[in-house]
Structure formats: C-alpha cells, structure tokens
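The structure appears right after this line, and notes come after that.
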Number of protein chains: 2
Amino acid sequence: MKHSPHLAQLIEALRALPGVGPKTAQRMAFHLLQDGRPGARALASALDEALESVVRCRRCRMLTETELCSICAAAQREAALLCAVESPADVVAIEASGSYRGRYFVLMGHLSPLDGIGPEQLGVRELESILDEGGVRELILATNSTVEGEATAHFLSELAARRGIRASRIAHGVPVGGELEYVDGGTLAHALAGRQSL
Amino acid sequence: MKHSPHLAQLIEALRALPGVGPKTAQRMAFHLLQDGRPGARALASALDEALESVVRCRRCRMLTETELCSICAAAQREAALLCAVESPADVVAIEASGSYRGRYFVLMGHLSPLDGIGPEQLGVRELESILDEGGVRELILATNSTVEGEATAHFLSELAARRGIRASRIAHGVPVGGELEYVDGGTLAHALAGRQSL
C-alpha cells in the first residue's frame with residue numbers, strides 16, 4: 001500500500017533519527033498523526049528553535065546556547081585538567097558521575113580516515129591552541145574503547161607529549177558491580193593487564 | 001548537568017515519540033544537532049506539512065490527504081467485505097499481505113472504559129451508518145488478540161448480528177513457518193481449539 005505523499009515524507013524524515021528503521025518510523029508517524037498531534041506540533045517547533053539557538057561552545061565544542069558553555073564559563077572548574085571525549089553525551093555521562101571537576105574538549109567523533117574524518121574535523125587545531133595557552137597540566141583521554149577511539153587517544157597523547165603535558169587514559173576493566181563470569185574476554189584481559197598493587 | 005533550555009525542550013519533545021525514553025531522546029537530540037542538522041530541518045518541515053495535510057478518511061477513518069482514502073475511493077475493491085482494524089498500521093500490514101480485496105474501517109483504538117474510550121471514540125456511529133447502507137455482507141473483525149481487542153470484536157459482532165450481517169473473526173493460531181516448540185501456550189490453545197478438518 002502506498003502512503004500518501006506527506007505521510008511518506010514524514011516517515012522518511014523520521015528515519016533521520018538514530019536507530020529508527022522503516023517500521024519504527026511508520027509507527028511513529030501514525031502515532032504522531034493519530035493521538036499525538038499536540039506532541040507533533042511541539043516537536044516541530046522544538047526542532048526549529050533548537051536548530052536556531054543551539055551552537056557549539058567556542059572553546060570546547062560542546063553544544064550550548066551561549067558563546068561559552070556553562071562548564072567553560074564556570075570559574076570554579078579546574079582549568080589544569082582537560083578531558084577529551086567523543087560526544088556531548090559523554091560529557092553528560094561524566095558530569096552525572098560527579099567525579100570530575102575539570103574542563104572538557106568535545107571531539108564530535110573519532111579519527112576515521114575512511115569516512116574522511118581527520119584531525120581537522122575533530123577540532124584538533126582548537127585543542128592545540130588550548131594546550132598552547134599553558135594552563136592545562138593533564139590531558140585525560142576519555143575516547144571510547146574501540147579501535148578508532150584508541151587510535152584517537154594515541155594521536156592526542158602525542159600532541160600533549162610534544163608540549164610536555166601529561167596525557168592519561170581512563171581505566172578499562174571490570175564494571176563496578178559486575179560479575180566476572182559475565183564480563184567479556186577483552187575486558188578481562190584489560191582488567192588483568194591494568195591491575196594495581198594494594 | 002543541566003541542558004541548555006532549547007536543548008532540554010527538544011529532548012522533552014522527542015519523548016512524545018512512541019518507545020522513546022529520556023536516554024534515547026537525548027541521543028536523538030545530540031545526533032540531530034551534531035551531524036544531523038539537514039535531517040532535523042527536514043523532519044521539522046515534514047511534521048508541519050503532515051499535520052497540515054493528513055486527515056482521516058471521511059468513510060473509514062484511515063489517515064489520508066484526500067476526502068476519501070485510496071482504498072475507499074477504489075471502485076475495484078469489494079464493497080461487500082468490511083474489515084475492522086485498530087490502527088492504520090494494521091491496514092498497511094494486511095495490504096502488504098496482498099490477501100484481502102475488501103474495504104476497511106479503522107477504529108483508531110479499542111474499547112477501554114478506564115481510559116475513557118467507548119464506542120463513540122472508536123467511530124462506531126460511522127461504522128453503523130456504513131452497515132446500514134446495506135452493501136456490506138460480512139464484517140471481518142481483525143482487532144488485536146488482546147483482552148481489549150477481543151472485547152471490541154465481540155461488541156462489533158453484535159452490531160452486525162443486529163442487522164443480519166455476518167461477522168467473522170480472523171483466525172488465531174501457530175504463525176506460518178513457526179515451530180511449535182517456541183509458540184506460547186495461549187497461542188497453542190487457540191490453535192487446537194480452532195482446528196479444522198482436512
């Protein structure tokens with residue numbers, strides 16, 4: 001059955017959302033047009049307003065609505081610590097843990113030459129100029145524990161080393177509260193290799 | 001960490017989508033504002049246009065952009081068969097099976113007194129006026145196989161009976177290609193009770 005043109009267009013547009021395939025998109029479209037009309041209207045205007053007002057922080061590239069994001073603008077954050085992450089969601093996750101008081105640099109991705117993502121696209125020039133300011137004592141590399149994330153961390157650690165700045169990688173190992181039995185082999189190998197004396 | 005106001009508003013608005021919780025909504029918002037800006041723009045305008053132009057078919061309540069949906073308007077569909085379903089997605093699924101040549105009536109829900117959904121909300125008055133026209137020989141009840149779906153089917157079958165119109169319920173049983181071993185007990189009980197002689 002062919003959908004009517006505007007319905008088909010909505011279903012197609014919903015597929016721009018991450019993790020949404022054709023079936024889910026159709027379900028979403030029907031829901032929005034059936035019982036969800038107020039929600040659909042709110043979503044359309046929220047999208048317009050966010051596209052209009054959300055920009056990247058001039059310093060750390062985090063999504064923000066001001067020139068500097070709230071973290072870069074906060075005087076009480078430790079300027080000597082800089083944590084490089086792949087995405088804004090990573091900043092939210094680390095902030096939610098409440099265990100970090102430094103600043104961030106959001107790469108918005110990882111090195112991936114095949115996709116045309118090199119240092120330029122990750123804002124490495126901006127990162128270098130922050131490091132060159134001289135206030136940063138330690139660059140914490142919190143990219144994902146994937147091949148690309150590791151490569152990106154390695155690349156950034158060399159930038160820091162060249163400036164005599166300490167670079168560190170977040171620890172990988174058994175999740176807190178996790179049972180050894182259910183942890184995958186790669187993680188266990190990391191946990192053993194990274195063991196610390198008591 | 002508090003999101004900036006328009007970002008928070010977008011995350012909240014995305015939760016209007018079925019099956020989207022706070023984490024998924026945040027992931028979607030970041031995606032739309034990071035790499036997905038063209039998609040976000042397209043989604044906003046697709047929503048606006050669909051809200052503007054998609055209405056319900058005057059006859060069968062299916063979502064459409066014309067007064068009559070393409071199925072109600074098609075002269076070659078068998079007018080003697082009317083299939084009552086709960087949602088537009090059910091129409092799409094039955095049409096995709098290619099096994100039905102009649103018309104539909106879309107209830108847009110099922111009887112659910114606790115949620116304030118009675119016959120009025122399901123368009124039963126419109127359904128009755130179609131049945132009263134006299135062209136329908138059989139009302140096929142294809143509501144879901146849930147308590148509410150069964151109750152709705154039972155209620156509609158009485159409407160048909162009162163007019164001397166045959167009412168039928170779609171068969172429930174073991175899915176074609178399914179292995180008995182993995183079929184739940186309720187379905188197996190239905191399959192046994194509904195057995196047909198060869």
Side-chain angles (χ1 to χ4, degrees), chain A residues 1-7 9-20 23-24 26-56 63-66 69-71 87-89 91-96 108-109, chain B residues 1-7 9-20 23-24 26-56 63-66 69-71 87-89 91-96 108-109:
Chain A
M1 175 189 192
K2 260 190 81 227
H3 290 298
S4 64
H6 285 104
L7 183 57
Q9 185 187 318
L10 176 58
I11 293 174
E12 190 52 41
L14 283 165
R15 295 193 53 192
L17 297 170
V20 173
K23 272 252 157 137
T24 309
Q26 179 187 292
R27 186 164 146 254
M28 288 176 163
F30 283 149
H31 172 80
L32 290 170
L33 294 170
Q34 242 173 288
D35 319 310
R37 286 187 171 244
R41 242 177 284 276
L43 178 55
S45 68
L47 276 167
D48 283 331
E49 285 165 26
L51 282 169
E52 180 70 27
S53 55
V54 175
V55 293
R56 293 195 184 171
L63 296 175
T64 173
E65 291 175 40
T66 43
C69 72
S70 58
I71 295 176
S87 81
V91 173
V92 174
I94 296 177
E95 286 296 292
M108 298 278 183
Chain B
M1 176 191 194
K2 259 189 82 232
H3 290 299
S4 64
H6 285 104
L7 183 57
Q9 185 187 316
L10 176 59
I11 293 173
E12 189 54 40
L14 283 165
R15 294 193 53 192
L17 297 171
V20 173
K23 272 253 159 136
T24 309
Q26 179 188 293
R27 187 163 145 257
M28 286 175 166
F30 283 149
H31 172 81
L32 289 171
L33 294 169
Q34 244 174 285
D35 320 309
R37 285 185 172 245
R41 241 177 284 276
L43 178 56
S45 67
L47 277 166
D48 282 332
E49 285 166 25
L51 283 169
E52 181 71 28
S53 56
V54 175
V55 292
R56 291 194 187 173
L63 296 174
T64 172
E65 290 175 40
T66 42
C69 73
S70 58
I71 295 176
S87 80
V91 174
V92 174
I94 295 178
E95 286 297 293
M108 296 282 184

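Chain identifiers are assigned alphabetically (A, B, ...) following the order of the sequence lines, protein sequences preceding nucleic acid strands; residue numbering begins at 1 within each chain.
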Residue pair B/Val20 / A/Leu17, side-chain heavy-atom distance below 4.5 Å
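Of all side-chain heavy-atom pairs linking A/Leu17 with B/Val20, none is under 4.5 Å.
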Note, A/Lys2 side chain near B/Ser70 side chain (heavy atom, < 4.5 Å)
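Side-chain contact under 4.5 Å: no.
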Nearest 0.5 angstrom please: A/Asp48 CG to B/Leu10 CG, how far?
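Interatomic distance, A/Asp48 CG to B/Leu10 CG, rounded to 0.5 Å: 10.5 Å.
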Working to the nearest 0.5 angstrom, can you tell me the gap between A/Leu47 CG and B/Gln9 CD?
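That separation rounds to 10.0 Å.
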Highest number of heavy-atom pairs under 4.5 Å with chain B: which of [options]?
options: A/Val54, A/Ile11, A/Asp35; value: A/Val54
options: A/Ala89, A/Ser87, A/Gly109; value: A/Ala89
options: A/Ser45, A/Ala42, A/Ser53; value: A/Ser53

Under the ring pair (Phe, Tyr, Trp, His ring centres under 6.0 Å) test, which residues partner A/His3, sequence neighbours left out?
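If we apply the ring pair (Phe, Tyr, Trp, His ring centres under 6.0 Å) test to A/His3, skipping adjacent residues, the hits are A/Phe30.
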Could you have a look at [options] and say which one has the most heavy-atom pairs with chain A under 4.5 angstrom?
options: B/Gln26, B/Glu95, B/Glu52; value: B/Gln26
options: B/Ala96, B/Pro18, B/Ala50; value: B/Pro18
options: B/Val55, B/Leu63, B/Val91; value: B/Leu63

Between B/Ile71 and chain A, which part of the residue has a heavy atom less than 4.5 Å away: side chain, backbone, both or neither?
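Just the side chain, heavy atoms under 4.5 Å.
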Structural part of B/Pro38 lying under 4.5 Å from a heavy atom of chain A:
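B/Pro38 has no heavy atom closer than 4.5 Å to chain A.
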Nearest heavy-atom pair of [X] and [Y]: which atoms, and what distance?
X: B/Pro5; Y: A/Glu65; result: N-OE2, 3.4 Å
X: A/Gln34; Y: B/Pro88; result: OE1-CD, 3.4 Å
X: A/Gly39; Y: B/Ala16; result: CA-CB, 4.1 Å

Applying side chain to side chain contact (heavy atoms under 4.5 Å, CB included), name anything that partners A/Arg41, two or more places apart in sequence or on another chain.
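Expected list: A/Arg37, B/Leu51.
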